[in-house]
Amino acid sequence: MLTAAGFRARELKFGALDRLTLRTLFGVELETPSGAVESLRFLGGSATYLSDLAPDEYKFEPYFELDWPLRNDRKRVRGIPDAARR
């Protein structure tokens, strides 16, 4: 069993075939199967929320004749998601 308690990285990428690649604070690049990682903690507010990223493309094909514009952090029925209000 290999443990890396307190191990820190500055860059993390999910690659092909269930692989995880990371660059350590001292510049070494490591690769491991993502199934071997028990948990991740993002420190210092450096994680990017998916809703903060701009989509490459948005195509809406309505089933009924109604417009459904793309808006970040909104639920289907009125307003901001419940989790964001807490």
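This is a predicted model, so every value here is computed, not measured. Side chains included, hydrogens not; waters and symmetry mates left out as well; all remaining heavy atoms used.
Looking at residues two or more places apart in sequence or on another chain, you find a side-chain contact (heavy atoms from CB on, under 4.5 Å) between S34 and D18, L20. With sequence neighbours left out, D52 forms a side-chain contact (heavy atoms from CB on, under 4.5 Å) with T48, Y49. Annotation: side-chain contact (heavy atoms from CB on, under 4.5 Å) contacts of Y63 (sequence neighbours excluded): none. Every residue was checked against the side-chain contact (heavy atoms from CB on, under 4.5 Å) condition with E38, not counting sequence neighbours, and none meets it.
In this structure, K59 pairs ionically with E61, as a charged nitrogen and a carboxylate oxygen lie closer than 4.0 Å.
Once rounded to the nearest 0.5 Å, the distance linking CZ of F26 with CZ of R8 reads 13.0 Å. Taken to the nearest 0.5 Å, the OG1 atom of T24 stands 10.5 Å off from the CD atom of E11.
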Q) Could you go step by step and tell me if V28 and L30 meet the side-chain contact (heavy atoms from CB on, under 4.5 Å) rule? A) CA-CA 6 Å; V28 175; L30 303 173; 3.9 Å; yes

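Listed by first and then second residue, the salt bridge (Lys or Arg N to Asp or Glu O under 4.0 Å) pairs that reach into residues 28-37 are R19-E31, R23-E29, sequence neighbours excluded.
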